[in-house]
*Asks:* 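Below you'll find the structure I mean.
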There are 2 protein chains.
Amino acid sequence: MSDRAAKGSPTLEDVAREAGVSRATVSRVINGIRNVDPSIQDVVRRAIAATGYVPNRAARSLVTRRAGSVALVVSGAGEDDGDGPEAPFRGQVLADPFFGRISSGVVGFLRQRGMHPLLMLADSTDARKQVVSYLRQGHADGALLVSIHARDPLPEMLVGAGLPCVLFARPPQPVPISYVDLAHRDGGRLAADHLVERGCQHIATISGPLDVLASQDRLAGFRDALARHGHPYVPCEEGNFTLESGERAMAALLAQHPEVDGLFVANDLMAQGALHVLREGGRKVPEDVAVVGFDDSSAAASARPPLTTVRQPIEEMAAEMTRLLLDRIDQPDRRLTSVIFEPTLVLRQST
Amino acid sequence: MSDRAAKGSPTLEDVAREAGVSRATVSRVINGIRNVDPSIQDVVRRAIAATGYVPNRAARSLVTRRAGSVALVVSGAGEDDGDGPEAPFRGQVLADPFFGRISSGVVGFLRQRGMHPLLMLADSTDARKQVVSYLRQGHADGALLVSIHARDPLPEMLVGAGLPCVLFARPPQPVPISYVDLAHRDGGRLAADHLVERGCQHIATISGPLDVLASQDRLAGFRDALARHGHPYVPCEEGNFTLESGERAMAALLAQHPEVDGLFVANDLMAQGALHVLREGGRKVPEDVAVVGFDDSSAAASARPPLTTVRQPIEEMAAEMTRLLLDRIDQPDRRLTSVIFEPTLVLRQST
DNA sequence: GAGCGCTGGGAGAGCGCTCTCTGAGTGTGT
DNA sequence: ACACACTCAGAGAGCGCTCTCCCAGCGCTC
């Protein structure tokens, strides 16, 4: 007790002495490997408890060459660079609940394995380099990558550095990386089927930015389904996923197509903006116009009326992404695998 | 090149050989210590570039006894325990934009020092134990603690384990820990002064849960200021920071005090709920009722009308919290310091 | 010119762990 | 009875780095 206090925390050696066995045996017990006599296991475990031993992570990973942790990297938001280092809060990416739900899923999954993610932001060329070099130092065994926009070079940089890596969402260019994604087309289809079923005759949509794959797919799925239902033409305004852009798009739609009675909006935040404009325009939702959102974010529940919306199982997707990464770290040679999740329709009062 | 590929990544030894100096010298150059001849520094740097050397984090922290990273721990949300481990997504804490803004501030500050936080959730007794043991293994040199509610035992557990630690928000019980906090009373005062100045005569408030220190302080500051302005009595309904509770509280307030023409709500989300109820009740905001929120969250900007609100500089607070922790890690013996931030009033259309 | 401090660099001892190798002890087959 | 396999535990060599010695060289004082 006293000498331990002087020497810092107890080591394997201390436990071994306490238990009257060798370091190797204690190590075996701790890592649960090979055949150790049960009675000796007991003695060792008692010694561990007595000394209050905790394995030293650095020493362990020095020899195993494993960090025992993974990084959660949020990338993008800085295609254009040359940004000053004096902008530490630039980009509210982390404050986006979408990202929060991903963290939730990742943390929830990792903790079951006694792990915790390293949170990193890669929003400029410099930051991306820093991330790669940091990971190469062995701070993490792999990376979970949430990329904000197209043409992000980070996935390739990580693969180039030999780091296991899984993406959230399919990469725009084909890169040999595992990923999880949502069947966005099916989400669009769900919305379309629902609006038709509700009896809407004049259906329009507000899409996300069309350089984003997910936006394209949601729109395509929506249009395809409507075409099958006999609506070959669907008015569409493009937004950029913000509330204001939703308001703008709705106003434009209303001006050009005042007869609209059914609306699909590519995310909940824009849908909330659309609701504002519809209300100001004197349209009742859902009586005059039925509105379907996308994501099932908190904005959907807090909108008035609450939004019917296409739900992405983000937490489950994030958990699966994490599982894929851990698998890959364990077996680097295994074939790449990707998992596509199906969206579901959440019915609320807006339709 | 070829032998390096065979042996994994290059080590100090490799760089030393390439540069024709000793390991120690290379180490000195990398860590920028002591006097190394500039010409030799140059040679070494070239050798580092040539070999593509990256220092091995594990080896380094084994000898320095420093992890070189800190943990961001979100605690609480599980006073009551005995929860099954099968609930990985329980608690949407991480999806809360409030927490997102904290992460943003922390990450933004740390990255300037080439560091990244470890994200941990401590929402049950088991999880808290796991967190402490994980940190004791040396995964991080200290913890940033965001505690969700009162009587969280984690701060004391961490201090007990000898881990440097800084809290976001003042601990309910006096614990010898540094913290950052907002002058919540001043926030309440700002709201009161503003409503009085706007000419409101019948002022009411919706408070947060009154077992939370911040809620108490906001209410007390609000009441004190109103009393000074000659409003000794202020109707108050207690909410729990959710949208629904804001709706409920507003309905109750409206029923008992239909004459209300000024309202202070202890957070933006509840204020948004209040706005819904006011609109349904046919009251115009701000003409009939002026509404002030708290936080300046995204809900404030997306509300209709946009909310006048008391702004917490969360990112700055988080950055300062991080600075305090790093200071403490560097100089463990230094006196505890805490920093209180002043709120500001953000004027929008709701008043 | 002997003694001194001061600077620049090398040698080498670990940090705490894992893991291979070795060897003692215990069955099992013929 | 002996060879052989098999189980279990210890010895010891590192993993890659830092950091404390230690020593060589140089310029200075007296």
Side-chain angles (χ1 to χ4, degrees), chain A residues 3-4 6-45 47-48 51-69 133-134 136-139 141, chain B residues 3-4 6-45 47-48 51-69 133-134 136-139 141:
Chain A
D3 55 357
R4 213 188 315 128
K7 295 229 354 146
S9 47
T11 73
L12 257 200
E13 192 70 52
D14 298 326
V15 179
R17 201 178 319 112
E18 172 89 17
V21 297
S22 75
R23 261 198 342 270
T25 302
V26 179
S27 175
R28 281 194 270 261
V29 171
I30 288 170
N31 296 301
I33 42 167
R34 278 253 297 263
N35 347 325
V36 177
D37 191 288
S39 69
I40 293 201
Q41 284 192 31
D42 233 53
V43 174
V44 169
R45 259 186 266 280
I48 289 174
T51 51
Y53 172 76
V54 186
N56 178 309
R57 191 278 305 251
R60 175 178 286 173
S61 43
L62 181 56
V63 36
T64 59
R65 310 179 148 280
R66 278 289 179 75
S69 60
S133 132
Y134 194 78
R136 283 227 299 147
Q137 294 182 21
H139 279 89
D141 300 321
Chain B
D3 56 359
R4 212 188 316 128
K7 296 231 350 149
S9 49
T11 72
L12 257 199
E13 192 71 51
D14 297 326
V15 178
R17 201 179 318 113
E18 172 89 15
V21 298
S22 74
R23 261 198 342 270
T25 302
V26 180
S27 174
R28 282 195 270 262
V29 170
I30 287 170
N31 297 300
I33 44 168
R34 276 250 302 254
N35 347 324
V36 178
D37 191 287
S39 69
I40 293 202
Q41 284 191 31
D42 233 53
V43 173
V44 169
R45 258 186 269 279
I48 290 174
T51 50
Y53 172 75
V54 186
N56 179 308
R57 191 276 305 251
R60 175 178 284 174
S61 42
L62 180 57
V63 36
T64 60
R65 313 184 142 280
R66 277 290 179 75
S69 60
S133 131
Y134 193 78
R136 283 226 301 148
Q137 295 182 20
H139 278 88
D141 300 321

*Asks:* Counting only distance, no hydrogens or angles, is the base of C:dT18 paired donor-acceptor with the side chain of A:Arg28 under 3.5 Å?
*Replies:* no

*Asks:* How do A:Ala58 and B:Ser39 order along DNA chain C: which one's closest nucleotide is nearer the 5' end?
*Replies:* B:Ser39

*Asks:* What's the closest nucleotide to the side chain of B:Arg60 if the choices are D:dC19, D:dC17, D:dG10?
*Replies:* D:dC17

*Asks:* Partners of A:Arg136 by salt bridge (charged side-chain N to carboxylate O under 4.0 Å, His left out), sequence neighbours excluded?
*Replies:* none

*Asks:* Between the side chains of B:Asp42 and B:Arg45, is the shortest nitrogen-to-carboxylate-oxygen separation below 4.0 Å, so that they form an ion pair?
*Replies:* no

*Asks:* Are OP1 or OP2 of D:dC15 and a side-chain N or O of B:Asn56 less than 4.0 angstrom apart?
*Replies:* no

*Asks:* Nearest to the side chain of B:Val63, which nucleotide is it out of D:dT18, C:dC17, C:dG9?
*Replies:* D:dT18

*Asks:* If I take atom CG in residue A:Asp37 and atom C1' in nucleotide C:dG25, what distance separates them, rounded to the nearest angstrom?
*Replies:* 13 Å

*Asks:* Counting only side-chain nitrogens and oxygens, does B:Thr25 get under 4.0 Å of the OP1 or OP2 atom of C:dG10?
*Replies:* yes

*Asks:* Applying side chain to side chain contact (heavy atoms under 4.5 Å, CB included), can you list everything that pairs with B:Asp37, at least two apart in sequence or on another chain?
*Replies:* B:Ser39, B:Ile40

*Asks:* Now, which nucleotide makes the Watson-Crick or G-U wobble pair with D:dC30, with each of the two distances under 3.5 Å?
*Replies:* C:dG1

*Asks:* To the side chain of B:Ala59, which of D:dC17, D:dC19, C:dC19 is closest?
*Replies:* D:dC17

